[in-house]
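Quick notes on the structure that follows.
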Amino acid sequence: MTQYLILLAQKHESFRKTELEALAELERVSVDLSHHDDNVPLLYVTLDCEEDARKLIRRSILARSIFEVWGRGNSLDSLHEDVKQRTSHLWPKYKHVSFKFDVISYQGSRTKEEQREIIESFSYVDFDGPIRMRSPEEVFTIVEEYKSKTDMLPSTERRELKDICFGRFIASSQRDIIDQYDLKKRKYIGTTSFDAELALISSNIGLAAPGKIVYDPFAGTGSFLVAASHFGAMALGSDIDGRQIRGTAKSNITTNYSQYNIKSQFLDTFVCDFTHNPLRQSFRLDAIICDPPYGVREGLKVLGSRNAERYADKLPTRLENGDLSHLRPDYIPPKKPYHFDALLDDLLFFAADHLVDNGRLCCWMPTANEDYGERHIPMHPDLNLISNCVQEFNKWSRRLLTYERCPRGCTLSLRPTTKSGRVYKEQFRDKYFRGFAKAKDHESVEWMEQSL
């Protein structure tokens with residue numbers, strides 16, 4: 001077993017551990033991440049071999065790189081002592097290779113002269129190979145972590161060193177592809193196109209991989225489809241808005257797939273109301289990754305009439321030429337309002353029916369910071385909630401909820417299932433448009449459950 005240091009991105013901190021756990025499961029790498037700290041971008045782990053280190057972060061978005069730890073201490077002297085004791089047997093292996101040294105500091109910094117002095121203090125490793133600042137065979141890195149201001153005495157002018165590590169660079173992640181998939185560079189986008197970085201992270205957490213089918217029931221312009229296909233999954237999408245699904249002859253979802261040269265990973269898209277999904281009951285999906293509509297840009301609606309009884313006994317409308325109006329290609333079906341909470345319940349039931357055993361549902365859900373509680377998280381007896389990652393804004397947040405389908409026939413899946421019938425007196429849309437101000441007494445956000 002060897003110790004490694006993972007350098008993490010200082011962004012979306014609550015997603016980092018969840019993504020690494022998902023990648024460890026996908027790559028079948030045994031690793032303990034329980035000591036991960038959201039406030040620190042340095043994570044020490046123990047792995048079986050260098051190949052496991054490469055596999056763990058090779059498709060990560062929130063990790064930057066991983067290093068084999070050659071030594072660690074709380075001062076430069078203690079670091080040198082640990083390097084000599086721990087890795088002196090490795091020095092001859094790298095004696096004649098080209099190399100360079102880097103210095104990375106967290107919560108502190110050093111001048112160029114100080115960095116040079118630290119690098120020269122490792123002269124005892126006696127590397128004779130050429131120094132190359134570009135494309136060296138090996139990169140050795142000193143990683144420093146300084147104490148935060150809250151941990152320092154008021155009289156201390158310069159931050160004190162908390163931890164220092166010396167390691168050999170092993171591999172980089174795929175964080176550089178964020179720029180490649182940036183929405184500003186994408187040929188086909190819309191008002192609901194999802195952030196590229198978070199779409200890629202969602203696909204990692206959803207275990208998108210070659211040989212798997214990933215479905216987005218609210219595909220829009222295909223943000224999650226493209227992200228899942230980047231990692232090799234076959235993507236299938238649908239949406240109630242046929243205009244976004246179809247796009248135009250020169251700009252559509254297929255255009256994006258051609259742009260990224262992943263067209264072979266695109267199955268198809270179709271227009272449907274998710275609550276009346278045409279997929280047969282036996283159709284199985286490896287993952288469902290989606291961002292359900294919140295009803296902010298426009299009210300959340302599904303197919304149907306506001307007053308169904310009014311049209312119950314009426315015959316279908318015929319045009320002057322005798323054609324049934326609802327069979328025309330330009331027919332626009334009526335829609336009725338729908339509650340976001342009911343949509344989430346429908347999504348969980350759909351996932352329980354269509355996911356393979358241990359398949360994943362990754363869905364985004366908005367919450368108001370003023371009254372968020374665990375009661376707002378939808379649950380299903382056949383789905384285990386394995387993570388709840390949050391992206392905070394000013395007065396509201398959106399959460400990536402990840403569920404795993406229990407194996408069919410297990411204790412949980414034998415429970416009777418009924419929809420919760422959660423009915424909130426005030427929807428997220430209502431809170432959003434009142435600026436998340438405190439609700440009046442008659443606008444209580446309490447909810448009820450009833451068996452349907």
Side-chain angles (χ1 to χ4, degrees), residues 1-76 78-94 97 99-107 118-119 122 125 127 136-146 161-177 201 204-205 207:
M1 299 290 282
T2 305
Q3 188 179 34
Y4 294 87
L5 169 62
I6 302 176
L7 182 61
L8 301 167
Q10 291 177 258
K11 192 175 182 182
H12 304 306
E13 291 82 0
S14 70
F15 293 75
R16 297 187 308 208
K17 179 183 175 184
T18 302
E19 187 199 38
L20 285 173
E21 287 175 337
L23 296 178
E25 179 178 338
L26 188 65
E27 300 286 359
R28 298 181 180 179
V29 172
S30 177
V31 61
D32 179 13
L33 302 172
S34 59
H35 53 287
H36 171 268
D37 185 348
D38 286 350
N39 299 314
V40 180
L42 308 174
L43 176 62
Y44 289 91
V45 297
T46 302
L47 299 170
D48 289 336
C49 60
E50 183 175 318
E51 181 60 24
D52 281 355
R54 295 180 185 277
K55 290 194 295 185
L56 181 60
I57 75 156
R58 64 184 173 187
R59 51 177 278 179
S60 175
I61 303 300
L62 292 176
R64 292 185 179 277
S65 50
I66 189 167
F67 304 86
E68 179 187 39
V69 176
W70 278 29
R72 186 181 177 189
N74 54 15
S75 66
L76 191 57
S78 63
L79 171 63
H80 286 313
E81 183 179 342
D82 192 40
V83 169
K84 293 173 183 177
Q85 292 180 354
R86 191 190 297 206
T87 57
S88 58
H89 63 287
L90 295 176
W91 302 349
K93 182 179 179 181
Y94 304 98
V97 301
F99 69 96
K100 77 170 183 176
F101 274 69
D102 282 336
V103 178
I104 299 174
S105 300
Y106 171 63
Q107 294 192 141
I118 292 177
I119 292 171
F122 286 89
V125 297
F127 292 157
E137 294 175 82
E138 298 291 342
V139 178
F140 297 92
T141 306
I142 299 104
V143 182
E144 300 178 311
E145 179 186 357
Y146 289 85
L161 191 64
K162 180 180 179 180
D163 188 87
I164 184 169
C165 166
F166 177 65
R168 181 176 68 91
F169 172 81
I170 299 298
S172 294
S173 68
Q174 283 199 38
R175 187 161 178 80
D176 58 337
I177 67 168
I201 294 168
N204 267 340
I205 295 175
L207 305 182

Report summary line: Asp82 and Gly71 have their tightest heavy-atom pair at OD2-CA, 3.3 Å

Query - Full working for side-chain contact (heavy atoms from CB on, under 4.5 Å) between Val83 and Trp91 - result: CA-CA 10 Å; Val83 169; Trp91 302 349; 4.1 Å; yes

Query raised in the report: Side-chain donor-acceptor pair under 3.5 Å between Thr2 and Glu68, yes or no?
Result: no

**Report entry** Basic-acidic side-chain contact under 4.0 Å: Glu50, Arg54
**Finding:** yes

Query raised in the report: Mind checking whether Arg175 and Leu62 have side chains closer than 4.5 Å, heavy atoms only?
Result: yes

Query raised in the report: Is a donor on one side and an acceptor on the other found under 3.5 Å between the side chain of Asp102 and the backbone of Thr141?
Result: no

Query raised in the report: Nearest heavy-atom pair of Tyr4 and Cys49: which atoms, and what distance?
Result: OH-C, 3.4 Å

Report task. Would you please test Asp163 and Tyr44 for side-chain contact (heavy atoms from CB on, under 4.5 Å) and show each step? Result -> CA-CA 12 Å; Asp163 188 87; Tyr44 289 91; 3.1 Å; yes

**Report entry** Nearest-0.5 Å distance, NE2 of residue His12 to CG of residue Asp38
**Finding:** 13.0 Å

Requested in this report: Return the minimal non-hydrogen interatomic distance between Arg64 and Ala9, and the atom names on each side.
Outcome: NE-CA, 3.8 Å

Query raised in the report: Are any non-hydrogen side-chain atoms of Ile61 and Ile177 less than 4.5 angstrom apart?
Result: yes

Query raised in the report: Looking at Phe122 versus Phe140, is the centre-to-centre ring distance below 6.0 Å?
Result: no

Query - Mutual orientation of the aromatic rings belonging to Tyr94 and Trp70 [parallel < 30°, tilted 30-60°, perpendicular > 60°] - result: tilted

**Report entry** Any side-chain heavy-atom pair of Arg58 and Glu27 under 4.5 Å
**Finding:** yes

Report task. Please confirm whether the backbone N or O of Lys11 pairs with a side-chain atom of Arg16, one donor and one acceptor, at under 3.5 Å? Result -> no

Query raised in the report: Is there side-chain contact between Leu42 and Leu5, with at least one heavy-atom pair below 4.5 Å?
Result: yes

Report summary line: dist Ser105:OG -> Tyr146:OH (nearest 0.5 Å) comes out at 4.5 Å

Query raised in the report: Taking side chain as C-beta onward, heavy atoms only, is Leu20 less than 4.5 Å from Val45?
Result: no

Query - Between NE2 on residue His89 and OG1 on residue Thr87, distance to nearest 0.5 Å - result: 7.0 Å

Report summary line: Heavy atoms of Glu19 and Ser60 approach each other most closely as OE1-OG, 2.9 Å

Query - Derivation and outcome, side-chain contact (heavy atoms from CB on, under 4.5 Å), residues Ile142 and Ile119 - result: CA-CA 8 Å; Ile142 299 104; Ile119 292 171; 4.2 Å; yes

Report task. Any chance you could measure Ser78, atom OG, to Ile164, atom CD1, to the nearest 0.5 Å? Result -> 8.0 Å

Report task. Go through Lys17 and Leu43 one step at a time and tell me if the side-chain contact (heavy atoms from CB on, under 4.5 Å) criterion holds. Result -> CA-CA 10 Å; Lys17 179 183 175 184; Leu43 176 62; over 6 Å; no

Query raised in the report: Quick one: does Met1's side chain get under 4.5 Å of Asp48's, heavy atoms only?
Result: yes

Query raised in the report: Any chance the rings of Phe101 and Phe166 have centres within less than 6.0 Å?
Result: yes

Query raised in the report: Side-chain contact, heavy-atom cut-off 4.5 Å: Leu47 with Ile66?
Result: yes

Query raised in the report: How close do Ser172 and Ile57 get, heavy atom to heavy atom, and via which atoms?
Result: C-CD1, 3.8 Å

Query raised in the report: Any side-chain heavy atom of Lys162 sitting closer than 4.5 Å to one from Gln107?
Result: no

Query raised in the report: Is there a donor-acceptor pair under 3.5 Å between the side chain of Asn204 and the backbone N or O of Arg59?
Result: yes

